[in-house]
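Presented below is the structure to which this report refers.
Along the sequence shown, residues carry numbers from 1.
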Amino acid sequence: MPQLAVNAIAGKLPKSNKACERGWVGIDIGTSAIKLAQVERVGTECHIAARWTVASESEKRLSRDENCDEILKSPLSAIKKLRQLFIARKCAAVLPMSLVDLRTFDIPSGNADEQRGMVAEMLAAEIGLEPNEFVFDFWENGAADGQKTQLTSIAALAVPKHLAASVANHLLSAGMECQTLNGMPWAVARAVELAEARTSEESSLAIDLGCSSPLLVLVDKGRPVFSRVLRCGGINLLMESLQKDLCISMDECQQLLSQFGLPVPGLTPSAVAQRTFQSIASPLHSLVTEIERTTDFLEQQYRSLKPTRVWLLGGGTQIKNLPEYLTHSLRIPTHNWALGNSKHDPVEAVYGIAAALSSLAWEARPCT
C-alpha cells in the first residue's frame, strides 16, 4: 500500500522547480462518478492531455454508510482498464465533501505539534471518533478584518482512517500509486491558481457544484481563506425536481439542462428553457440564496478580500447559461472553470478538480 500523505491531506505542498511533462493522474471521487484527468505542461502553459469519467454502476450514491467501501470498489477498480489513456502510475485523489468532516476552531497560539494535538482532540469530540481512527490536517483561515484576538482561527479536514486506506488499496489494485489524499478546499484553490495562471492578485470565489455537497471556497493567493459546504443540496436536487415535474428519465433531465438550461437575464427564453426553469426554480433559488448568504457574510468579515470573480467547477457547470444566471443574481462575474486557452471547451470545468490534483506532481512531496 502506498504511503498516504496524511500530513498533506489539506494540500500544503511547497513549490518546487521540478520539471515534468505530464502530471500525476488526478482522481476526483464524486458521489455518483469519478473524474480522472492528467495535465501536460509545455513551457509555462498547461492543458489537459487526457480525461475520463467513470460512472458508478450502483444505483446508490456514495454516502457514509456500511456500503461505502463496496460502492467505491467497482468504479475504482474500473480505472485499471483506463491505464492506457494516462502516462503515469502515480496519482492524487480527493473524496467528496459528503464523506469528509470540515470543521473550524479557534485555538491558542503554539508550536505545530501542540496545535496538532489540540485539533485532534477537538475533531475527536466533534465527529465521535478516537484520534487514532481518522487522518486529518488543518490550516489557518484568513483573519477577519479588524479581528484582534490571541486565538487563531483554523480549518480542519478529517477522514476515517479505514476509508483513506480503502481508497489507496483499491487504487493500488487498479495499478495506481496514491501519493496524497488531498483536501477538497485545497484542490479547489489549486484549480483557481491554474485558471488564473498564478498571476492574479485579487481574491476569487470558487464553487464546486457536485451532486450532493456543493463547496464554496474563498481563494486568495492560492490559499483557501474560507470554506463552506452549502446546505442546499447539489445538482441532484435540480435533476430530481425536473424528473418529478416532467416525468422523464434522469438522462433526459441532463439533456434538458445541458442543451436548454436557464433563461439568460434580459433575453426572451425559448419555451423549453422557460419550462425547464419553472421545474427547477425552487432548488435553484435555494442554491442562489445559500451563495448570497455566504457572500454577504464574507463581505462583512473579509471586506479587504472582496472577490472579483466566481469560478464554477464540477458537474453543475454543464447547466447551460448558469454562469450568466449567477452573474445576474450575485452581481459578480461568474465563469465556468477553464485551463489556459481552452475556454472554448464546455466540458473542461467538470475536470477542474482532477486537473488540479494532476498538477500536484510539480510540487515538493512532504511524505517521502
So, does [X] use its side chain to make a donor-acceptor pair with the main chain of [Y] at under 3.5 Å?
{"X": "Q259", "Y": "L256", "answer": "no"}
{"X": "Q38", "Y": "G23", "answer": "yes"}
{"X": "W311", "Y": "N336", "answer": "no"}
{"X": "R22", "Y": "A88", "answer": "no"}
{"X": "S329", "Y": "T327", "answer": "no"}

- Have a look at Y325 and tell me which of L284, T334, V264 forms a side-chain contact (heavy atoms from CB on, under 4.5 Å) with it. L284
Test item: side-chain donor near acceptor, [X] and [Y], under 3.5 Å:
{"X": "S166", "Y": "H162", "result": "no"}
{"X": "E252", "Y": "S249", "result": "yes"}
{"X": "R275", "Y": "S279", "result": "yes"}
{"X": "E202", "Y": "T308", "result": "yes"}

Using 4.0 Å as the upper bound for N to carboxylate O, is an ion pair formed by [Y] and [X]?
{"X": "E363", "Y": "R190", "answer": "yes"}
{"X": "E133", "Y": "K161", "answer": "no"}
{"X": "R309", "Y": "E196", "answer": "yes"}
{"X": "E177", "Y": "K90", "answer": "no"}

Report whether [X] and [Y] are members of the same hydrophobic cluster (ILVMFWY, side-chain heavy atoms less than 4.5 Å apart, transitive linking).
{"X": "I107", "Y": "F134", "value": "yes"}
{"X": "L237", "Y": "I207", "value": "no"}
{"X": "I87", "Y": "L85", "value": "no"}

- Task: Tell me, please, which residues at least two apart from N321 pass side-chain hydrogen bond (donor to acceptor under 3.5 Å, both in side chains).
- Result: none
- Item | Exceeds 12 heavy-atom contacts within 6.0 angstrom, atom CD of Q278 | yes
- Task: Would you indicate whether Q254, at its atom CD, is surrounded by more than 12 heavy atoms from other residues, nucleotides or ligands within a distance under 6.0 Å?
- Result: no
- Query: Does some side-chain heavy atom of I248 sit less than 4.5 Å from a side-chain heavy atom of C253?
  - Reply: yes
- Under a 4.5 Å cut-off applied to non-hydrogen side-chain atoms, are L262 and L322 in contact? yes
- Task: Please assess M97 against L102 for the test side chain to side chain contact (heavy atoms under 4.5 Å, CB included), listing each intermediate value before the final yes or no.
- Result: CA-CA 8 Å; M97 292 304 298; L102 171 63; 3.8 Å; yes
Identify every side-chain donor-acceptor pair in residues 224-231 under 3.5 Å, counting partners at least two apart or on other chains, and give the distances.
residue : atom : partner : partner atom : Å
R228    : NH1  : E290    : OE1          : 3.3
R228    : NH1  : T294    : OG1          : 2.7
R228    : NH2  : E290    : OE1          : 3.0

- Query: Could you state the interatomic distance from CG (N182) to CG (D28), rounded to the nearest 0.5 Å?
  - Reply: 10.5 Å
